[in-house]
Amino acid sequence: MEPLLEVKGLQKYFPIRSGALKKTDGYVRAVDGIDLTVYPGETVGIVGESGCGKSTTGRTILRLLEPTAGEVWFDGKDLARLSKEEMRRTRKDIQMVFQDPFASLNPRQTIKQILLESLEVHGIGTKAERLKTIEDIIEVVGLQKEHLNRHPHDFSGGQRQRIGIARALVLKPKLIIADEPVSALDVSIQSQILNLLKDLKKDFNLTLLFISHDLSVVKHICDRVAVMYLGRVVEIADKQTLFKNPSHPYTQALLSAVPQVNPNAKRERIILKGDLPSPANPPSGCTFHPRCIYATEECKTAVPHLRDIGDGQLVSCHLLKGR
Ligand code: SF4
């Protein structure tokens, strides 16, 4: 099967400027060479600590941020090379759901105006067809037609996220990039929104790229999971493999902090040394080496690359020899 999304060597560096002349002093390497493949119908999670570059990855794929280098192939087109007009047309097929729906919804517009705007911008349907589409979508996400005449501030956090999802769905996209879509919500509401996304994925034949810092959330919804550390993917595997046999020392540490549902399945908590280093000055070699309990001399100088250690589990660690 051909991938729907294929990211190759994606980089996003932000210049650090200083002095009156705003001279470039260096770069924050937010995304530092990511390879990622997403197949039609999959939900792929990107997980990692705050500051690891996962949200920047999502925004750079969608070209809300211009990539510094790399290729983003979507449905046979390299998004990084499309003109502004071609990209505008392609965006209809890739929609984003944001963490804070309130910030991404214009407070002065009614929900009807917000949802109609997307269809109008892309010139989809007649006036009557557009109205019918948004009336259908608002019910699909669990709200009622009457809600269309209200403003974003009339809704709870969970309802606003339903509106954010409706806005993404109204264009019938092929891919949704959901950036921490439930992290601002109460736990009870989180599962409602996750279940809604799961149902919609089936009903609308969607593919999802799901960005989250929360491994339990990722476990609930994703088929495959990519673990990011300091702008790079350090491990990628299907969900069952990753949660049963985490192989990169960073993944092992992240998973050891997730509470276990089964009290007999005890996992020893691995406490990482130090803080996440600055992406403006990443450590040499394996960027995880200052915090890794297994680090060797080789780790300080040689950059490990993702290798298949079996069954499609890709890990970047010198200690794990691939097939
Ligand atoms: Fe640890 Fe070395 Fe593996 Fe990096 S390459 S995760 S430092 S053992």
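Keep in mind that the numbers below use all heavy atoms, side chains included, and drop hydrogens, waters and symmetry copies. Both ligands and their constituent atoms are indexed starting at 1 by order of listing.
Of all protein heavy atoms, the one closest to atom 5 (S) of ligand 1 is His318 N, 3.3 Å. Atom 3 (Fe) of ligand 1 has as its closest protein heavy atom Cys317 SG, 2.3 Å. Closest protein heavy atom to atom 2 (Fe) of ligand 1: Cys299 SG, 2.2 Å. Closest protein heavy atom to atom 1 (Fe) of ligand 1: Cys292 SG, 2.3 Å.
We find the CZ-OG1 distance between Arg224 and Thr37 to be 6.5 Å, quoted to the nearest 0.5 Å.
The cationic group of Lys12 lies under 6.0 Å from the six-membered ring centre of Phe14 and within 45° of the ring axis, placing it in a cation-pi geometry.
For the residue pair His213/Glu180, the side-chain donor-acceptor check at 3.5 Å is satisfied. Side-chain atoms of Lys201 and Thr43 include a donor-acceptor pair closer than 3.5 Å.
Between Tyr229 and Glu235, the closest side-chain pair of non-hydrogen atoms is not below 4.5 Å.
Contact annotation for Glu298 and ligand 1: no heavy atom of the residue comes within less than 4.0 Å of the ligand. By the criterion of a heavy-atom distance under 4.0 Å, the side chain of Cys286, and not its backbone, is placed next to ligand 1.
Interface of Leu319 with ligand 1, defined as ligand atoms under 4.0 Å from a residue heavy atom, comprises 8 (S). Residue contact check: Pro249 has heavy atoms under 4.0 Å from atoms 6 (S) of ligand 1. Heavy-atom proximity to His248, at under 4.0 Å, picks out these atoms of ligand 1: 6 (S).
Residue pairs meeting the salt bridge (Lys or Arg N to Asp or Glu O under 4.0 Å) criterion with at least one partner in residues 127-140, sequence neighbours excluded, are Lys132-Asp136. Sorted by first and then second residue, the pairs that involve residues 147-158 and meet side-chain hydrogen bond (donor to acceptor under 3.5 Å, both in side chains), not counting sequence neighbours, are Ser156-Gln159.
Not a single N/O/S atom of His289, whether from backbone or side chain, sits less than 2.8 Å from atom 1 (Fe) of ligand 1.
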